[in-house]
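Whatever order the structure lists ligands and atoms in, that order sets their numbers, starting from 1. Just so we're clear, the structure is a prediction, and the values are computed from it rather than from any experiment.
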Amino acid sequence: MRKRRKGSLAVFPGSFDPMTNGHLDIVDRGLAVFDRVRLAILLNPEKQPLFSVEERLAIIREAYRGNPRVEVDTFSGLLVDYARQVGASVIIRGIRAISDFEYEFQMALMNRRLDPRIETVFMMPAESYSYVSSRLVKEVFQLGGRVSDLVPPVVERRLSEKYGTPLRQGGAARVRARRRKG
Ligand code: PNS
């Protein structure tokens, strides 16, 4: 078994609107290396999220209920300032494909310039999640597609509540239900 860094805390920042199985996969990988992983939701007044910050916090808490090594919090301002405040020396980011790399690389180097003591660690999710994003999950669900393999059950339930469509019905039925709602 891999040895975890004792007492280590890694911050995994993001929008998590909503959390996907790709995020869960990265958290698992983070837990294999660090003692604790803290998901940090950015409070971004410029974005119009589907799920409020409170909803996103509740989703993540439910997904990790009973796992004391996973924490969730919100932050605003500079990520490196937040990481320092909570005693984390590592930022985790997931890289799904080369297309993610340029933006992530820029952010990592900027963060390093802002605080060289905080290291960014890139982790790759399982290939089966390489195409999964929160944006596509929302779009597919809204258009009646199945997302049950792409998100944890709590997210599927919350999506159903958000769009007012019952769970466990096929995509076409959900589209019809949505059309009826107008
Ligand atoms: O899930 P996302 O939307 O790709 O996450 C982006 C996030 C939250 C990691 C990024 O926007 C961020 O760190 N924002 C905080 C502001 C900051 O520190 N900016 C300078 C770093 S380049």
Side-chain angles (χ1 to χ4, degrees), residues 8-31 33-34 36-64 69-142 147 149-152 154-156 158-159 162:
S8 54
L9 169 66
V11 168
F12 179 21
S15 305
F16 303 108
D17 182 38
M19 176 173 224
T20 68
N21 284 348
H23 293 127
L24 290 167
D25 182 289
I26 295 294
V27 171
D28 283 348
R29 289 172 200 280
L31 289 174
V33 181
F34 306 102
R36 287 177 297 140
V37 172
R38 179 183 291 221
L39 291 96
I41 304 171
L42 174 67
L43 299 174
N44 187 352
E46 275 158 37
K47 269 198 182 171
Q48 285 284 317
L50 175 65
F51 291 101
S52 69
V53 170
E54 291 71 28
E55 288 171 321
R56 283 176 275 161
L57 280 168
I59 287 171
I60 295 171
R61 283 196 186 114
E62 186 170 334
Y64 288 104
R69 293 179 56 211
V70 180
E71 304 163 6
V72 59
D73 195 7
T74 59
F75 78 103
S76 53
L78 286 177
L79 173 60
V80 288
D81 288 345
Y82 173 77
R84 207 174 33 240
Q85 275 158 28
V86 299
S89 55
V90 170
I91 293 168
I92 296 179
R93 289 288 286 173
I95 298 231
R96 291 163 297 192
I98 290 291
S99 50
D100 284 338
F101 185 73
E102 201 169 314
Y103 170 63
E104 295 297 334
F105 188 58
Q106 268 187 343
M107 273 206 308
L109 291 184
M110 181 60 83
N111 283 331
R112 178 186 285 168
R113 184 177 174 276
L114 292 168
D115 190 334
R117 291 164 301 180
I118 294 175
E119 201 62 58
T120 298
V121 170
F122 292 139
M123 290 187 154
M124 290 156 290
E127 298 96 283
S128 47
Y129 299 130
S130 60
Y131 60 92
V132 179
S133 69
S134 300
R135 185 180 64 79
L136 282 184
V137 161
K138 286 181 279 194
E139 186 174 316
V140 168
F141 186 89
Q142 204 183 354
V147 297
D149 300 335
L150 309 180
V151 295
V154 52
V155 169
E156 207 186 358
R158 293 278 187 151
L159 283 167
K162 190 64 79 182

Just wondering, are more than 12 heavy atoms of other shown residues or ligands nearer than 6.0 Å to CE in Met107?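 Yes, enclosed.
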With respect to His23, which candidate in Phe16, Tyr129, Tyr64 satisfies the ring pair (Phe, Tyr, Trp, His ring centres under 6.0 Å) definition? Phe16
Can you classify the ring geometry of Phe101 versus Phe105 as parallel (below 30°), tilted (30 to 60°) or perpendicular (above 60°)?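 Taking Phe105 first and then Phe101, their aromatic rings lie parallel (interplane angle under 30°).
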Are there any protein N or O atoms under 3.5 Å from the N or O atoms of ligand 1? List them with distances, or say none.
residue: ligand 1; atom: 1 (O); partner: Ser15; partner atom: N; Å: 3.0
residue: ligand 1; atom: 3 (O); partner: Ser15; partner atom: OG; Å: 2.6
residue: ligand 1; atom: 4 (O); partner: Arg93; partner atom: NH2; Å: 2.9
residue: ligand 1; atom: 5 (O); partner: Arg93; partner atom: NH1; Å: 3.3
residue: ligand 1; atom: 18 (O); partner: Leu79; partner atom: N; Å: 2.8

How close do [X] and [Y] get, heavy atom to heavy atom, and via which atoms?
X	Y	result
Ala83	Ile118	CB-CD1, 3.7 Å
Ile95	Asp100	C-OD2, 3.9 Å
Gly14	Arg93	CA-NH1, 4.1 Å

